[in-house]
Amino acid sequence: MSTRREWLEVGLSTKPADHTTTEEILTSLYARHGRPRPEFIRVPSPRAAVPYLEGLPTHDDLRSWLGDRRSPGRFPLAGDIAAELSHLRSALEADYTEPPGDRPPLKRPKGKPWPVLPPEQALESGLPFHEVLTQGVRNALFRSLAGLYLPVRAALGRLPVGWYGHQDGYWIGHVDAIRRTVTPHLGHEREFIEWSALTRSAGWWWPGESRCVLVDRPVVLRTEPVPGAWHDEVRLVHIEYADGWSVSGS
């Protein structure tokens, strides 16, 4: 699918991050959650970001706010952003209406997942179009993009809550495919356009209360096709950043 390929190319980009656009969108995001424009700290690689991440919340920290071990003070901004994004994605999912098919719908046994099928076979079998897009766009993009950022995370160890910028496009690509084929006018168009633009412009980023760390994109990114994949999926061979820090795939 051309939409999947387009967002995969965004995730594979080695063009410099558009920090001006990224800062404008993040400033708007901060304002929406009652925070002033942060100090933006630009670094050439995720490794170079580590010294600036001390004190930022981890996933465990955010979970503690939802249980009995609630920390003192204001809920962290990263948690506010994560909650907003979760709400947006749920609302976008709720906007979807399955289009009428030209074949009898495939029956799914109760309690069983949909079968995973090649795209042509999925359409021929009557698999719901939403599931075709889920398998062919969201899941395929996630496998490729997670295959890029997970090795980098593993090389750095424990990190606070942050976002992967251009490598976060799996859900954006999925909604974009729905928008282009089924639902041209989304109920949350403005928010989706904002997150789309942020994904196209940014590298990795970590939001703190008064400062936000922005990572530039890699200068070298080599991948190879995943053998036997039904879609144009890739896996990491080598990624390198402007300061020379690099990670190779397994």
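Keep in mind that the numbers below use all heavy atoms, side chains included, and drop hydrogens, waters and symmetry copies.
- No donor-acceptor contact under 3.5 angstrom links the side chains of Thr14 and Arg217, judged on distance only.
- Atoms NE2 and CG, on His166 and Leu148 in that order, are 8.0 Å from each other to the nearest 0.5 Å.
- Using a 4.5 Å heavy-atom cutoff, the side chains of Ile81 and Val161 are not in contact.
- Of the N and O atoms on the side chains of Asp61 and Thr58, at least one donor lies less than 3.5 Å from an acceptor on the other residue.
- Rounding to the nearest 0.5 Å gives a distance of 5.0 Å between OG1 of Thr181 and CG of Leu133.
- Under the 4.5 Å side-chain heavy-atom criterion for grouping Ile, Leu, Val, Met, Phe, Trp and Tyr, Leu8 is not connected to Val237 through any hydrophobic cluster.
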Discussion item. Run Leu145 and Asp168 through side chain to side chain contact (heavy atoms under 4.5 Å, CB included) and show every step you take.
Written reply: CA-CA 7 Å; Leu145 298 179; Asp168 262 334; over 6 Å; no
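- Residues Ile41 and Leu214 are not in side-chain contact: their nearest non-hydrogen atoms beyond the backbone lie 4.5 Å or more apart.
- Remark: the backbone N or O of Leu141 is not paired with any side-chain donor or acceptor of Glu233 at under 3.5 angstrom.
- Within a 6.0 Å sphere centred on CD of Glu54, heavy atoms belonging to other residues, nucleotides or ligands number 12 at most.
- Taken to the nearest 0.5 Å, the OH atom of Tyr241 stands 10.0 Å off from the OG atom of Ser246.
- The two atoms that bring Pro46 and Leu156 nearest to each other are CB-CD1, 3.5 Å, heavy atoms only.
- Note on ring orientation: taking the six-membered ring where Trp is involved, the planes of Tyr149 and Tyr164 are parallel (angle under 30°, cut-offs 30° and 60°).
- Put simply, the side chain of Asp216 gets close to the backbone of Ala17: a donor and an acceptor are under 3.5 Å apart.
- Looking at Glu194 and Ser28, their side chains come closer than 4.5 Å, going by heavy atoms from C-beta outward.
- Taking the side chain as every heavy atom from C-beta outward, Glu84 and His33 approach each other to under 4.5 Å.
- Residues Trp204 and Gln167 meet the side-chain proximity criterion, which asks for heavy atoms closer than 4.5 Å.
- The closest donor-acceptor contact from the side chain of Ser201 to the backbone of Leu198 lies under 3.5 Å.
- Salt bridge status for Glu23 with Arg42: present, with a side-chain N to carboxylate O gap under 4.0 Å.
- Side-chain contact, Tyr170 with Arg4: no donor N or O sits under 3.5 Å from an acceptor N or O.
- Here the closest heavy-atom approach between residue Trp205 and residue Cys212 is recorded as CE3-SG, 4.3 Å.
- Annotation: the span from Asp176 atom CG to Phe192 atom CZ amounts to 5.0 Å, rounded to 0.5 Å.
- Taking both residues in full, the closest heavy atoms of Ala48 and Pro44 are given as CB-CD, 3.8 Å, listed atom of the first, atom of the second, then distance.
- At most 12 non-hydrogen atoms from other residues, nucleotides or ligands lie less than 6.0 angstrom from CZ of Arg47.
- In this structure, Val43 is a member of the same hydrophobic cluster as Trp245, with clusters built from ILVMFWY side-chain heavy atoms closer than 4.5 Å.
- Using a cut-off of 4.0 Å between Lys/Arg side-chain N and Asp/Glu carboxylate O, Arg200 and Glu6 are scored as salt-bridged.
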Practice prompt. Just do the salt bridge (charged side-chain N to carboxylate O under 4.0 Å, His left out) check on Arg35 and Asp80 with the steps written out, would you?
Written response: CA-CA 11 Å; Arg35 273 78 162 184; Asp80 286 337; 2.8 Å; yes
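- Not one N or O on the side chain of Glu131 forms a donor-acceptor pair closer than 3.5 Å with the backbone of Trp114.
- One side chain, Asp243 or Ser45, offers a donor N or O that lies under 3.5 Å from an acceptor on the other.
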Worksheet item: Hey, mind stepping through Gln135 and His231 against side chain to side chain donor-acceptor pair (under 3.5 Å) and telling me if it holds?
Response: CA-CA 9 Å; Gln135 293 184 15; His231 311 289; over 6 Å; no
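- The closest side-chain heavy-atom distance from Trp206 to Leu159 is below 4.5 Å.
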Worksheet item: side chain to side chain contact (heavy atoms under 4.5 Å, CB included) between Leu29 and Trp195: does it pass, once the steps are laid out?
Response: CA-CA 10 Å; Leu29 195 59; Trp195 277 96; 4.2 Å; yes
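- When hydrophobic clusters are built by joining Ile, Leu, Val, Met, Phe, Trp and Tyr residues whose side-chain heavy atoms come closer than 4.5 Å, directly or via intermediates, Leu85 is grouped together with Tyr96.
- Considering all non-hydrogen atoms of both residues, Thr3 and Ala177 come closest at CG2-N, 3.8 Å.
- Using modelled atom types, one finds a donor on one side chain and an acceptor on the other under 3.5 Å when comparing Ser248 with His238.
- By the 4.5 Å heavy-atom criterion applied to side chains, Trp7 and Trp171 are not counted as neighbours.
- When atom types are taken as modelled, the side chain of His188 and the backbone of Leu92 share no donor-acceptor pair closer than 3.5 angstrom.
- Panel note: side chain Glu98, backbone His130; a donor-acceptor pair is recorded below 3.5 Å.
- Note that CD1 of Ile172 and OG1 of Thr199 are 4.0 Å apart. Values are rounded to the nearest 0.5 Å.
- Of the charged side-chain nitrogens involved, none lies within less than 4.0 Å of a carboxylate oxygen, so that Glu240 and Arg222 do not count as a salt-bridged pair.
- Of all non-hydrogen atoms in Pro113 and Arg108, the two that sit nearest each other are C-CD, 3.7 Å.
- For the pair Ser144 (side chain) and Val234 (backbone), a donor-acceptor distance under 3.5 Å is present.
- Judged purely by atom type and a 3.5 angstrom limit, Ser86 has no side-chain atom pairing as donor or acceptor with the backbone of Ala82.
- A continuous path of hydrophobic side-chain contacts links Leu221 to Leu150 [ILVMFWY only; heavy atoms under 4.5 Å].
- Clustering ILVMFWY residues whenever any of their side-chain heavy atoms sit less than 4.5 angstrom apart, transitively, puts Val213 in the very cluster that holds Phe40.
- In this structure, the side chains of Leu127 and Pro115 come closer than 4.5 Å at one or more pairs of heavy atoms.
- Within the 3.5 Å criterion, the main-chain N or O of Glu189 finds no donor-acceptor partner in the side chain of Arg179.
- Using a 4.0 Å cut-off between a side-chain N of Lys or Arg and a carboxylate O of Asp or Glu, Arg5 and Glu9 qualify as a salt bridge.
- The nearest pair of heavy atoms linking Val247 to Pro151 is CG1-O, 3.9 Å.
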